[in-house]
Number of protein chains: 2
Amino acid sequence: MSPSNSPNLTPNLALERKPERKKSAAKSAAILDGAMQEFLANGYAATSMDRVAAAAGVSKATVYSHFHDKSSLFASLVQELAEESFKATSIDLRDASTFTGEPREVLTRLAREILDEATCDPKFCEFIRLIIGESGRFPELSKPYIQNVAKPVIDGLTHYLSTCETLHLNDPEASARTFMGTLIYFVMLQRLLGGAELMPMESDRIVTTLVNLIVPTC
Amino acid sequence: MSPSNSPNLTPNLALERKPERKKSAAKSAAILDGAMQEFLANGYAATSMDRVAAAAGVSKATVYSHFHDKSSLFASLVQELAEESFKATSIDLRDASTFTGEPREVLTRLAREILDEATCDPKFCEFIRLIIGESGRFPELSKPYIQNVAKPVIDGLTHYLSTCETLHLNDPEASARTFMGTLIYFVMLQRLLGGAELMPMESDRIVTTLVNLIVPTC
DNA sequence: GTCTATAAGGAGATAGAC
DNA sequence: GTCTATCTCCTTATAGAC
């Protein structure tokens, strides 16, 4: 109980150079990185803690000292990915320049950005695959995705659509879901399910058609 | 080589009552049934062959006598489910009455049927979850789904939309994908990811908005 | 053709040295 | 705090009786 023995009581000294020996956040990040690599590639059940440890460059016991068990490591990873993905897509939503211009231009630009991100960032597709695939056994884990990714995007788009009087949309939120659904379904068929060979489709045709449906032409 | 010894050469006799002792198709069906139950509930990696055997009411050795290994059993199951699902949804497409009436009525009816099936048949959602979740490690297995389920629906809808001159659609196939994408994304968010609580939405609003976007109102 | 019993290996999780 | 070594259970797949 005597504070003189406690190593916690030397915080003001210039010893902060090496935060090594206090369950370093660096190790935690490395473990989450290894977990990301393995879980995204193999899914939950097919990923072993040995491989996570190897991918992280630490021993298995270290993994268990940072995370109580496999499922809580998985939960932490999903949480982190949801927030990271959120940042990636929400930059667009909070940036005013995203929504400046004619509705036709704005929606075209937005659709292209979303498809580009899905195409160029393989982690994005793998994350969606993981969330959908494991949401049956981990129902709670879809919440971070909904709250941090899907809902902000739908809400932001809904707000934008509701401010465009020229579009005369009766139900902006349902329209926003049509917008996102068209894009996500395209990614799902072409990228996730490898439909590019069996039923090819150019992304520009999807974007053009989608924008034409929402922005009245007559 | 002598055909007189071949058991195949007694097809005309009245012995067809008991096809028991020839790797009975009934057992195969029972195994596939058990496999369906387990794989749909747990995914591929988390399903054990012991539980498949138990669910099928046979021993594990019997499972291995009908299917070479776990992955080929899984492949057979996916193939069967894709064909079964295909029948379920393609009845609508081959039935002429599905496409009779005003485009607005036809599309509304079709959208409601698809959402109803996704809502009432839990196997439908679990199958989609399984296909998406495992398509990373079993890329071939998404082909039966694409060929037997997704492509026929898109193609049938594309053909219908292209015959509706009143709709003046520039790109019927891209429009068909918008139609299906909106519905599947709705099912994905609300049913698969449990978004019903966090971002509720009535299916009727989706259907109404979707039909209004495709069928011109002015 | 179907069963019981078992082989061979990998999984999650922990004990104890340092 | 991190490691090596280990415990225990469960996995896929097969061998051999009937």
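These numbers come from a predicted model, not from an experiment.
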Nearest listed nucleotide, side chain of B:Ala61, among C:dT14, C:dA13, C:dT4: C:dT4
From C:dG12, C:dC3, D:dT14, nucleotide with atom closest to B:Val58 side chain: C:dC3
Sorted by chain and residue number, the side-chain contact (heavy atoms from CB on, under 4.5 Å) partners of B:Ser72 (sequence neighbours excluded) come out as B:Phe67, B:His68, B:Asp69
Atom OH of A:Tyr64 and atom P of D:dA5 are separated, to the nearest Å, by 19 Å
Which part of the nucleic acid, if any, lies within reach of B:Lys60 when heavy atoms closer than 4.0 Å are counted: base, sugar-phosphate only, or nothing? base
Touch class at under 4.0 angstrom, heavy-atom based, for A:Thr47 against every strand present: sugar-phosphate
Look at the side chain of A:Asp50 and decide which nucleotide, out of C:dA11, C:dT14, D:dT12, has an atom nearest to it. C:dA11
Tell me what B:Ser71 touches on the nucleic acid: a base, only sugar-phosphate, or nothing, going by heavy atoms under 4.0 Å. nothing
Between C:dT14 atom P and A:Lys70 atom NZ, what is the distance in whole Å? 15 Å
Do A:Asp155 and A:Lys151 meet the salt-bridge criterion of a basic N to acidic O distance under 4.0 Å? yes
Where do B:Glu126 and B:Leu40 come nearest, in terms of heavy atoms and distance? OE1-O, 3.2 Å
Given D:dC3, is OP1 or OP2 found less than 4.0 Å from the side-chain N or O atoms of A:Ser59? yes
Atom-pair distance (CZ on A:Phe74; C1' on C:dG12), nearest Å: 16 Å
When you measure from the side-chain N and O atoms of A:Lys27 to the phosphate of D:dT2, is any distance below 4.0 Å, counting only OP1 and OP2? yes
Taking CG from A:Leu73 and P from C:dA13, how many angstroms apart are they, rounded to a whole number? 10 Å
Whole-Å distance between C:dG10 C1' and A:Glu38 CD? 15 Å
Selection from C:dA11, D:dA13, C:dA13 that lies nearest to any side-chain heavy atom of B:Asp69: D:dA13
With the threshold set at 4.0 Å, does a side-chain nitrogen-carboxylate oxygen contact exist between A:Arg109 and A:Glu113? no
Check this one for me: any side-chain N or O of A:Thr62 less than 4.0 Å away from OP1 or OP2 of D:dC3? yes
Whole-Å distance, B:Phe67 CZ to D:dA13 C1', equals 16 Å
Protein-nucleotide distance (B:Ile31, atom CD1; D:dA13, atom C1'), rounded to Å: 15 Å
Aromatic ring pairing B:Phe99/B:Tyr160, orientation class (parallel under 30°, perpendicular over 60°, tilted between): parallel
Would you tell me if any nitrogen or oxygen in the side chain of A:His66 comes within less than 4.0 Å of OP1 or OP2 on D:dT2? yes
Rounding to a whole Å, what distance do you find between B:Arg51:CZ and D:dC10:C1'? 12 Å
Given D:dT2, C:dT2, C:dT4, which nucleotide is nearest the side-chain atoms of A:Ser65? D:dT2
